[in-house]
There are 2 protein chains.
Amino acid sequence: MENRQKKKATIYDLSVLSGSSPSTVSAVLNGTWQKRRIKESTAKLIRGLAEEHQYTANLQARGLRSSRSGLVALLLPVHDNRYFSSMAQTFEAHVRGRGQCPIVVSACRDPEEERQTVEQLIAYSIDELIVAGATDPDGVYEVCAGSGIKLVNIDLPGTKAPSVISDNYQGGRLLTEAIVRHFNADDPLQADDLYLFGGRDDHASRERIRGFRAIKRELMDGDADRCIVPTGYSPRTAQTAFEQFYEREGRLPRGLFVNSSINFEGLLRFMAHHPNEMFADIVVGCYDYDPFGSFLPFPVIMIRQDVDGMITKAFDLMSESRPAIRTHVVQPELVPPRTALQGPLDAIKDIE
Amino acid sequence: MENRQKKKATIYDLSVLSGSSPSTVSAVLNGTWQKRRIKESTAKLIRGLAEEHQYTANLQARGLRSSRSGLVALLLPVHDNRYFSSMAQTFEAHVRGRGQCPIVVSACRDPEEERQTVEQLIAYSIDELIVAGATDPDGVYEVCAGSGIKLVNIDLPGTKAPSVISDNYQGGRLLTEAIVRHFNADDPLQADDLYLFGGRDDHASRERIRGFRAIKRELMDGDADRCIVPTGYSPRTAQTAFEQFYEREGRLPRGLFVNSSINFEGLLRFMAHHPNEMFADIVVGCYDYDPFGSFLPFPVIMIRQDVDGMITKAFDLMSESRPAIRTHVVQPELVPPRTALQGPLDAIKDIE
DNA sequence: ATTCATTGCACCATCGATTGTGCAATTTTG
DNA sequence: CAAAATTGCACAATCGATGGTGCAATGAAT
């Protein structure tokens, strides 16, 4: 009854109740009381009152005074795929582990939205920011410049802040090679039957394409520009690309390198209009891992990026005082078909 | 050069530069200047200076003064599955549409974590909060009580705040019936060959189970408690349950109602240790939709909950001044096998 | 030429916590 | 017992924005 009051208690309320000054209350409740030589008994009294009245600090006030907030943000392009959602999950675990408050926002892969969102975050005095897969990382940097925010790019590199990315070239190589080798020696995959679909003109796509071409040249007799079909990161445009190919050729390529699980959803949409038999002889390599994708009716080889490794590295960089502006590369992992890997959810304790 | 200063400009800086008072600057920049009868020319001058010096309001200060923040939060159990990640995506679009700032956090399905997280959010003067799939919605309410936050439960209902949930009973019926009817008449599914795996003792699971049993009684000759195997929402425990069943019976049930896509991942893990042939005669119904899950090598029928409908309803409720404490029910949708539905990502414009 | 209304803005208290500084009371030292 | 050192805390400025109130200057009405 008594502690179901309407307004939240402040240090001033507790100050009156305890007979101490607000600054004493503040010191006791934020842990600096030893430094201020507050008596243990005083501290105990105040802590008791705080407990009794359910005191919680007004973090906006604290943030205003100290120009910090305890908030750590992750800016994603989108939430709705397993790569980024596992990144969010991993990120939260890390931030909580450091005793801070994680928040996740997305900016729809829109440079203007990215900048505006970050501006908002800065206005809330976010302490640290991880920008994942930004369309314009350096634009984000400009917004952050001079705000004192710690900034690390992840997934796509920038030139103004430290970055942590996957080795997309190596991943592209691994995946392409695995596709090629998945075919039997008696009916090997031909160079003009191995296509790459998806992605756009960003660093990750370029590197993966570079790896794709390198393997094609090394393992097969050639490569061609028409074997590369960038579609942007969208299911719809990818679907269109598959359908156009099918219109033209009457079939799909036997070897398909799909540049992201988002583009893979375009292939699903295509599949919905065609029977499974059409995919009998096909091998798909997908950059990014999705557990369900791994068990489709045809062989699906996937690349899992080391999200935990990247996030860990990003926080390492943030804890450095003046991290070098360079790009750190983390190795991704090849995932054979029909593989159910553990993910960040496995770290969560189950009740039930 | 000159606008690359180290510290952010404040209304006091602009006040000096413009020769007006801070309150005038404030009024001009927050839009209340008409009400305060500021001259158009003064306003224009100040807006120009603000632009030039890249002024952005300190939202912590504003929030402190006005005890509002412009932040709207979504509290999820976890990020890393398509149901909740699409919820995050949809939520963000709605909040941005209202000109506010969305933030998403997760609390790992841990009641204590839920309460602590919400306490933090309140400390930042979050204006509105949607709590999705909370283990203890009423516990969250207690924390919010008297803070003036607008609160709506979603996915799992509470008794202290308005709630929006799926019609899980109806969804359970739909899904169970679809599983049964997917078998041929010449070799129909028997009651003791239709199992439900996953979920726990929450409202959603209970309702789905109720629907499951109702259909079993209506369409088949019986039902049995042993056909229901709650595992909690975790891939690992679900996997164990499938493996134990397999140990015991030497096979899986022909009809499988899997209570969430998270539990379905447990089936994937089981699949990784067994050949596809084992699943030749199986029909799976999964509560929650995952596009990749829909295309597995056996028929997978899914339920898609109307996330957009639920979020829309939730915001409708929030905009009411004193919404009734009741539970609103939204109809879910049955998704036949091999179906690639559009999702919230389709609303995002593509830049190629 | 007064009086009154309107315009246009400045002043100041306030939101709740942090932190540098000062000082009385107590304890220690010589 | 006086001087010095330490303990324990209060005071007050501050962070940046908001909004109620007051007041001078200008124009309108009588």
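All chains are named by letter (A, B, ...) in the order of the sequence lines, taking the proteins before the strands, and each is independently numbered beginning at 1.
- Within a heavy-atom distance below 4.0 Å of DNA chain D, the residues of residues 10-26 of chain A found are Gly19(A), Ser20(A), Ser21(A), Ser23(A), Thr24(A).
- Residues that satisfy the salt bridge (Lys or Arg N to Asp or Glu O under 4.0 Å) test with Arg37(A), not counting sequence neighbours, are absent from this structure.
- With sequence neighbours excluded, the residues that form a salt bridge (Lys or Arg N to Asp or Glu O under 4.0 Å) with Glu92(B) are Arg96(B).
- For residues 307-325 of chain B, the set of pairs meeting the salt bridge (Lys or Arg N to Asp or Glu O under 4.0 Å) definition, not counting sequence neighbours, is empty.
- Remark: C1' of dC15(D) and CG of Asn58(A) are 13 Å apart, rounded to the nearest angstrom.
- Among pairs with a residue in residues 69-78 of chain B, none fulfils salt bridge (Lys or Arg N to Asp or Glu O under 4.0 Å), at least two apart in sequence or across chains.
- Sequence neighbours left out, the pairs with a member in residues 64-73 of chain A that pass salt bridge (Lys or Arg N to Asp or Glu O under 4.0 Å) are Arg68(A)-Asp127(A).
- Listed in residue order, the members of residues 30-39 of chain A having a heavy atom less than 4.0 Å from DNA chain C are Asn30(A), Arg36(A).
- Side chains of Ser26(A) and Ser23(A): no donor on one and acceptor on the other come within 3.5 Å.
- Closest of all the heavy-atom pairs between Ala50(B) and Leu29(B) is CB-CD2, 3.7 Å.
- Within the 4.0 Å cut-off from OP1 or OP2 of dC9(D), at least one side-chain nitrogen or oxygen of Thr42(A) is found.
- Taking the 5' to 3' direction, DNA chain C first and last meets chain B under 4.0 angstrom from a heavy atom at dT7(C) to dG16(C).
- Of the two residues contacting DNA chain C, namely Leu64(B) and Ala43(B), the nearest-nucleotide position lying further toward the 5' end is that of Ala43(B).
- A search for salt bridge (Lys or Arg N to Asp or Glu O under 4.0 Å) contacts involving Lys160(A) returns Glu142(A), not counting sequence neighbours.
- How far OG1 of Thr10(B) is from CG of Asn58(B): 9.5 Å, rounded to the nearest 0.5 Å.
- For the residue pair Gln116(A) / Glu112(A), a side-chain donor-acceptor distance below 3.5 Å is found, with atom types taken as modelled.
- Residues passing the salt bridge (Lys or Arg N to Asp or Glu O under 4.0 Å) test with Asp80(A) are Arg82(B), sequence neighbours excluded.
- Of all the heavy atoms in Ile103(A) and Phe91(A), the pair that sits closest is O-CE2, 3.7 Å.
- A salt bridge (Lys or Arg N to Asp or Glu O under 4.0 Å) check over residues 12-24 of chain B, counting only residues at least two apart or in different chains, returns nothing.
- Between the C1' atom of dG16(D) and the CD atom of Gln60(A) lies a distance of 12 Å, rounded to the nearest Å.
- Within the helix from dA1(C)-dT30(D) to dG30(C)-dC1(D), the inter-axis angle between the opening and closing five-pair segments is 50°, rounded to 10°.
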